[in-house]
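Only one structure is covered here, and it is reproduced in the block below.
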There are 2 protein chains.
Amino acid sequence: MIDKSSPLPIYAQIEEQIKRQIENGEFQAHHALPSEREYAEQFEISRMTVRQAINNLVNDGYLYRQKGRGTFVADKKLEQQLNGLTSFTEDMKARGLNPSSKLLSFEIIPANKKIASELHISLYAPVYEIKRIRLADDVPMALETVYMSANLIKGLTEEIINLSLYQYIENYVKLKMDYATQTLESSIASELEVTHLAIPKHSPILFIQRNTFLIDGTPLEYVKSAYRADRYKFTITITR
Amino acid sequence: MIDKSSPLPIYAQIEEQIKRQIENGEFQAHHALPSEREYAEQFEISRMTVRQAINNLVNDGYLYRQKGRGTFVADKKLEQQLNGLTSFTEDMKARGLNPSSKLLSFEIIPANKKIASELHISLYAPVYEIKRIRLADDVPMALETVYMSANLIKGLTEEIINLSLYQYIENYVKLKMDYATQTLESSIASELEVTHLAIPKHSPILFIQRNTFLIDGTPLEYVKSAYRADRYKFTITITR
DNA sequence: AACAGCAACTGGTCTAGACAACCACTAATA
DNA sequence: TATTAGTGGTTGTCTAGACCAGTTGCTGTT
């Protein structure tokens, strides 16, 4: 059950196991978990290590603690939904659709005024421009254009884009993606969008601009997306 | 600096101190904190206790860690901005505009299927239907329709609506508003919207549906809004 | 000038205990 | 019967170490 020689830390292994048990329904909502000491004894590890695992799950909203009583399974219903989804892939999967992409173009171009301003780089600095059609269950959903500083992310190729762009970035850049701002507006499909999305002229389009930043505030990417209004609604949940 | 006999745990005392130093500007954003070992030595406590304090601050977004380098102050500025703005009034004020309203109609009607489903009430139960034009600096921005259960909120009048609807609700209902879901989509202006918003035919419209819930999950209101696409963009910030 | 290797840092993980605070339950007591 | 005092469970806090794994800068070699 626990592999002490695994590169995955012990506490992470415990987290995964408990999460699995919750998702499988082995642990029902508001039912008590085994106590920390029981876990420690069972896995022959220190209680502090168990606490680290449980603390993380409490912070993620899977469990809650009550001093003197025990640790219990939270009911997830709401926060399960979608809080911080950033990628098209995650978004579509959450909707039960199968996401894919078709690369339209991939170039390095000099930054124009708008791009330079969004990415906080100088005018004419080299940027990747990646144009893709995003599909869900093989139906075109959106036309997406990504801009990223070529000086920040080096060695990007078509192959990498087609595999997993964001995985490459996370590995390449030491700092992880931290936050994003999204701006949504309504507009009418341009000629380009009509062609690639296979929609009638003058169709409504949901236009989304996303700027993603690293933890130190460096802009990582600037993305423009044109979503088909007949197929895509954007939903957010605001808490508190 | 640290009182070991205080009822407030040591880690909580450290948290407060670091928070204070950040707020006072003693610790600038992205500057390194003293190392965990330094804290432990200075306060003559165990390093694990220091880690507990720092972990909490990392989870709250005040700090971030980098293995091998140190612990740094995060910049909070963004999430300070707008997290959960729900009301048109707040939204417009945040944009530096002067919000106002023009009441178009105010009636009590029997809930249709859609309304009953959104408000979790029975079909034909009485609901308020409030139609308003929302203006910013006296320019029409949106056409808004609010539905609320008349059995939940009693004694609503035109006068109250024109004063402050949400203030009345907060005072009337014991439970406060807790969370909201918003759905955004792009569409084309209907005849009604063209008339009231004074826009050309076939103009793009940003359509927003908002459902607000009380802390116990009771639906409070169901709001449909049609925003002029030429004047309104919707912005959100997603963290972590 | 470029490089490799080392040393001294950093945070990450983990141990094997300890005592306190709190809770539920039971048994003894007024 | 109602109250109280235990008792054995839980989580909460804390210690004083250990070793691992990254990062950085220095130092000597090439």
Side-chain angles (χ1 to χ4, degrees), chain A residues 1-18 27 30-74 170-176 178 214-216 218, chain B residues 1-18 27 30-74:
Chain A
M1 263 172 173
I2 293 294
D3 178 6
K4 289 200 189 185
S5 64
S6 162
L8 195 68
I10 295 173
Y11 70 88
Q13 295 180 44
I14 298 176
E15 277 178 54
E16 290 201 354
Q17 182 185 315
I18 295 177
F27 289 160
H30 306 296
H31 259 236
L33 259 69
S35 78
E36 296 173 358
R37 282 181 179 83
E38 279 180 64
Y39 272 120
E41 204 172 329
Q42 184 193 335
F43 296 138
E44 295 179 305
I45 56 173
S46 164
R47 192 182 144 220
M48 287 302 276
T49 304
V50 177
R51 279 184 70 76
Q52 188 171 358
I54 292 180
N55 274 334
N56 289 340
L57 293 175
V58 168
N59 282 328
D60 290 351
Y62 287 95
L63 306 175
Y64 62 93
R65 296 172 181 283
Q66 272 181 266
K67 193 200 272 201
R69 302 217 323 123
T71 305
F72 305 86
V73 178
E170 288 250 325
N171 290 338
Y172 187 94
V173 184
K174 302 294 186 296
L175 299 166
K176 285 198 174 172
D178 187 45
L214 302 178
I215 207 157
D216 65 349
T218 309
Chain B
M1 265 173 171
I2 293 294
D3 177 7
K4 288 201 190 184
S5 64
S6 162
L8 194 68
I10 296 173
Y11 71 88
Q13 295 179 45
I14 298 176
E15 277 179 54
E16 291 201 354
Q17 181 184 314
I18 294 177
F27 289 159
H30 307 298
H31 260 236
L33 260 70
S35 78
E36 296 173 358
R37 286 175 179 83
E38 278 179 63
Y39 272 120
E41 204 173 330
Q42 184 194 335
F43 297 138
E44 294 178 306
I45 55 173
S46 163
R47 191 181 144 216
M48 287 301 279
T49 304
V50 177
R51 279 184 68 79
Q52 189 170 359
I54 292 179
N55 273 334
N56 289 341
L57 293 176
V58 168
N59 283 328
D60 290 349
Y62 287 95
L63 306 175
Y64 63 95
R65 298 174 188 278
Q66 274 181 265
K67 193 200 273 200
R69 304 221 319 126
T71 304
F72 305 87
V73 178

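Residue numbers begin at 1 in each chain, while the letters A, B, ... track the order of the sequences.
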task: Rounded off to whole Å, could you give me the OH-to-P distance for the A:Tyr39 and D:dT10 pair?
output: 13 Å

query: Considering only heavy atoms and no angle criterion, is a donor-acceptor pair shorter than 3.5 Å present between the side chain of A:Arg51 and the base of D:dT13?
result: no

field: d(CG, B:Asn56; P, D:dC14) in whole Å
entry: 11 Å

query: Given atom NZ of A:Lys67 and atom C1' of D:dG9, what is their separation to the nearest angstrom?
result: 15 Å

message: For D:dT11 and A:Thr71 - does any side-chain N or O of the residue sit under 4.0 Å from the phosphate oxygens OP1/OP2?
response: yes

message: Does D:dC14 have OP1 or OP2 under 4.0 Å away from a side-chain N or O of B:Ser46?
response: no

message: Test of understanding: with ring-ring contact (aromatic ring centres under 6.0 Å, His included), list the residues that count as partners of A:Phe72, not counting sequence neighbours.
response: A:Tyr64

task: Indicate, with a heavy-atom threshold strictly under 4.0 Å, whether B:Ile54 touches base, sugar-phosphate, or nothing.
output: nothing

field: Interatomic distance where CZ belongs to A:Arg65 and C1' belongs to D:dG12 [whole Å]
entry: 8 Å

- request: In whole angstrom, give the distance that lies between atom CD of B:Glu36 and atom P of D:dG17.
  value: 17 Å

- request: For A:Gly68 and for B:Lys4, locate the closest nucleotide of DNA chain D by heavy-atom distance; then report the residue assigned to the nucleotide nearer the 5' terminus.
  value: A:Gly68

- prompt: Would you say the side chain of A:Leu33 lies within less than 4.5 Å of the side chain of A:Glu38, judging by non-hydrogen atoms?
  reply: no

- prompt: Do B:Ser6 and B:Gln13 come close enough that some side-chain heavy atom pair is under 4.5 Å?
  reply: yes

task: Report the residues that fulfil ring-ring contact (aromatic ring centres under 6.0 Å, His included) with B:Phe43, sequence neighbours left out, ordered by chain and then residue number.
output: B:Tyr39

Length of the line joining A:Met48:CE and D:dT11:P, which is rounded to integer Å: 14 Å

message: Check the phosphate of D:dC14 against B:Tyr11, side-chain N and O only, distance under 4.0 Å to OP1 or OP2. Yes or no?
response: no

- prompt: Between A:Arg47 (CZ) and D:dG12 (C1'), how many Å, whole number?
  reply: 7 Å

query: If you draw a 6.0 Å radius around CD in A:Gln42, do more than 12 non-hydrogen atoms from other residues or ligands fall strictly inside?
result: yes

- prompt: Between A:Arg69 and A:Thr49, who's closer to the 5' end of DNA chain C by nearest nucleotide?
  reply: A:Thr49

Side-chain (A:Lys4) to main-chain (A:Glu44) donor-acceptor, under 3.5 angstrom: yes

d(CG, A:Leu33; P, D:dG9) in whole Å: 19 Å

field: Span of DNA chain C in contact with chain B (heavy atoms, under 4.0 Å)
entry: C:dT10 to C:dC14

- prompt: A:Tyr11 versus A:Asn56: any side-chain heavy-atom pair under 4.5 Å?
  reply: yes

